[in-house]
Amino acid sequence: MGRLAVRATALVKWFGAGDARTYAVRDASFDAFFGEILYIVGPSGSGKTTLLSMISGILRPDGGTVDVDGKNIWSLSADDIASFRLNTIGFVFQDYHLFPRLTTAENVAIPLILKKMEWSQALAVATRYLEIVGLKERAQLPPVKLSGGEQQRVAIARAIASEPDILVLDEPTASLDGETGRRIVEFIRHNILNDHRCIIIVTHDNRIFEYADRIMNMEDGRIIGINREDPHEN
Amino acid sequence: MKIGFKLLVNDRGKFAALLVGITFAAFLMVMMTSMFAGILIRSSATILNVGAPVWVLDPAVNTPVSSIPMPDYVLDAVRSLPGVQYAVPLYSGGAQVKLRNGTYQAVSVIGLDDTSLYGRPELVSGKIDDIFAENAFIVVDDAEFVKLGNPTIGTRFELNDHLGVVTGIARVSTAGLFGVPTLYTTYTRAITYIPSTRFTISYILVQPKNSGAIARIKQQVASLGYQALTENEFIDKVSTFYKYQTGMGINVLLMTVISFIVGLSISGQTFYTFILENLEKFGALKAIGAKGHELVLMILFQATLTAMTGFGLGVGLAALIITLARLRLPDYAAMITYTNIGLAFVMVVLIAAISSYIGVRKVIRIEPFDIFRS
């Protein structure tokens, strides 16, 4: 495992105000490294998704910093944070959020189009990534014609199409049966992870824990432990 | 843009509903205003067909057909005004002609100045000099021509117990509003054949020496208690009368507003539903890295594309209907003008703007975090 990818320091997030204020994340600090798969696990409401959102530039923390490549992303302007997400982060959403009116290839091409790549070139690149996830022959189909596992792979192809340094997946197996879920994560482990990429997965599916390098446990908004040793110290 | 295009066009049901809404609205707006424009143009048919640069009339006149006769001295006075090159009388009135088959037909009669025949129509058959022949009348070959039994040169009719003979067939640029045939004759014959009041000059047609003289002529005519109007001013006066004093303008305005509301309701609601259904997807796009202004542009593009396509279809449909109607009904009074198209365009843009505003607000407010949280 390699160099530091993300450093979260004393992250705090609350919702509501006054007496109604609820802390979603309290004093969360951790490091994530290139070449590893880091799981964030914990019961519902423990703050996993909130933490993931803050480190991926989606939700502004109320306290603390998130450093990526030595730069605090929350010191950037809104447009720069959007650019940061586009260029550095690949997202796989729990419900995939594929566009049903676009073909599979067009869905995968979206980040490339947003990066101002020519439409035809973006589609060619997208098809290449669909090939990586084993769905090249499905390129012209709309996502609704695909199975849940296939849709998940399309979402992964979309997430990696723009070659992000950091891939974040929110409950990637939640909508899949156990076997498909395992195969997806195994696929990510063997085909998507590399020394220049850090993968952070939020999950509470213990059937896929075996594919993690490190597992970070959360409860009531706090990080209560990281099992397995910090790879940076190895 | 292309993503926006695909998202919109590939959702065929919504896109069709949006197009139907805007097309329908544009069609109704263009149709309503075109019919009104056609009526307004035809209400000024006499002014347009005679083509005098300046008209002297009684200030109470609202439409060319409801002229208020002026005494002869006004003609003399106008002729003596500095800046007037020449001035001639014009008779404009209505009469009943008795056709050869014994039926009566209402007609509009224009009496041209005997010496100059100023304002004469273009003849398609016959010679203009024949208007000086005994009982001579020129018939305008317009949509109402058939009501005189498709007369030819030599056709006879009776007008107030006087014999009338067709000596020429003419054409004019604009047909009249009231669906009656038009006869041209000399001023003298018109006031002789048609029962008239003590004063007989309906209008005085003035040719100014130059355009700079018009203001002075108007001033001096006003001092006589009459009104001098340029051709366009007279047309505007007639239009104003029909717009604001007959109820027609309000009715057309109401129909146009209703069309706008119908279009806005259909399009606004459909577009809103389209945005709502895709809201999470827009949120996902934001999360992936789309900037707020890029999504706003995408929505504006979708709204503009729909609006312009619907507008084009609406105008095209209106043009088709009007063309077909004219083929079947030659006196169908509808005319698509640039103003109508411009008005409909503005309304459609407004529909698109309001519809997209609702969508833009929703999309701007959606937080990428909501996508994760969902």
Side-chain angles (χ1 to χ4, degrees), chain A residues 13 15 24 48-54 56-60 77-103 106-107 109-120 122-123 142 155 158-159 161-162 164 168-171 202, chain B residues 1-19 270-271 273-303 305-306 359-374:
Chain A
K13 185 67 193 177
F15 295 104
K48 308 184 295 288
T49 300
T50 305
L51 182 61
L52 186 72
S53 301
M54 287 192 288
S56 56
I58 277 182
L59 184 66
R60 182 175 290 278
S77 67
D79 276 0
D80 286 343
I81 288 179
S83 296
F84 159 76
R85 289 198 301 264
L86 182 60
N87 294 307
T88 311
I89 309 281
F91 291 94
V92 178
F93 306 105
Q94 184 176 339
D95 297 328
Y96 320 138
H97 289 298
L98 300 173
F99 288 84
R101 308 291 175 192
L102 302 181
T103 65
E106 287 165 348
N107 266 285
I110 282 176
L112 305 170
I113 303 291
L114 290 175
K115 288 174 96 167
K116 315 292 181 206
M117 190 182 280
E118 282 291 317
W119 184 262
S120 55
L123 282 182
R158 181 176 68 184
S162 59
V168 297
L169 299 92
D170 187 26
E171 303 284 6
V202 161
Chain B
M1 294 295 174
K2 195 141 184 180
I3 295 173
F5 175 79
K6 292 253 179 187
L7 287 178
L8 178 69
V9 174
N10 289 354
D11 192 348
R12 290 192 185 125
K14 294 262 178 345
F15 187 50
L18 280 169
L19 279 185
T270 312
F271 200 68
T273 313
F274 172 77
I275 295 293
L276 275 189
E277 282 185 7
N278 286 293
L279 200 55
E280 284 194 344
K281 306 294 183 289
F282 282 114
L285 280 179
K286 256 190 179 178
I288 289 169
K291 297 180 179 75
H293 71 265
E294 289 173 332
L295 295 179
V296 170
L297 274 178
M298 185 191 288
I299 291 172
L300 291 179
F301 168 74
Q302 289 172 331
L305 174 75
T306 313
V360 163
R361 273 187 50 173
K362 278 273 173 197
V363 168
I364 285 177
R365 284 181 181 178
I366 181 83
E367 289 293 334
F369 179 58
D370 297 335
I371 303 305
F372 269 128
R373 201 157 44 182
S374 69

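Chain identifiers are assigned alphabetically (A, B, ...) following the order of the sequence lines, protein sequences preceding nucleic acid strands; residue numbering begins at 1 within each chain.
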Sequence-distant partners of A:Phe99, side chain to side chain contact (heavy atoms under 4.5 Å, CB included), two or more places apart: A:Leu102, A:Asn107, A:Ile110, A:Arg158, B:Leu7, B:Lys281, B:Leu285
Heavy-atom pair count under 4.5 Å with chain B, highest-scoring of A:Thr50, A:Leu114, A:Asp79: A:Asp79
Side-chain donor-acceptor distances from residues 11-19 of chain B under 3.5 Å, at least two apart:
residue	atom	partner	partner atom	Å
B:Asp11	OD1	A:Arg101	NH2	3.4
B:Lys14	NZ	B:Glu277	OE1	3.1
B:Lys14	NZ	B:Glu277	OE2	3.1

Chain B contact via A:Ile81 - side chain, backbone, both or neither, heavy atoms under 4.5 Å: neither
Flag side-chain contact, heavy atom, 4.5 Å: A:Leu52 against B:Phe369: no
Under 4.5 Å from any heavy atom of chain B - which part of A:Ser162: neither
Chain B contact via A:Glu171 - side chain, backbone, both or neither, heavy atoms under 4.5 Å: neither
Most contacts with chain B, counted as non-hydrogen pairs under 4.5 angstrom, among A:Lys115, A:Glu106, A:Met54: A:Glu106
Members of residues 288-297 of chain B whose heavy atoms come closer than 4.5 Å to chain A: B:Ile288, B:Gly289, B:Ala290, B:Lys291, B:His293, B:Glu294
B:Lys362 atom NZ: more than 12 heavy-atom contacts under 6.0 Å: no
Let me have the donor-acceptor pairs involving side chains of residues 84-93 of chain A, under 3.5 Å, with sequence neighbours excluded, atom names and distances please.
residue	atom	partner	partner atom	Å
A:Arg85	NE	B:Lys286	O	3.3
A:Arg85	NE	B:Ala287	O	3.0
A:Arg85	NH1	A:Gly57	O	2.5
A:Arg85	NH2	B:Lys286	O	2.8
A:Asn87	ND2	A:Ser83	O	2.8
A:Thr88	OG1	A:Phe84	O	3.2

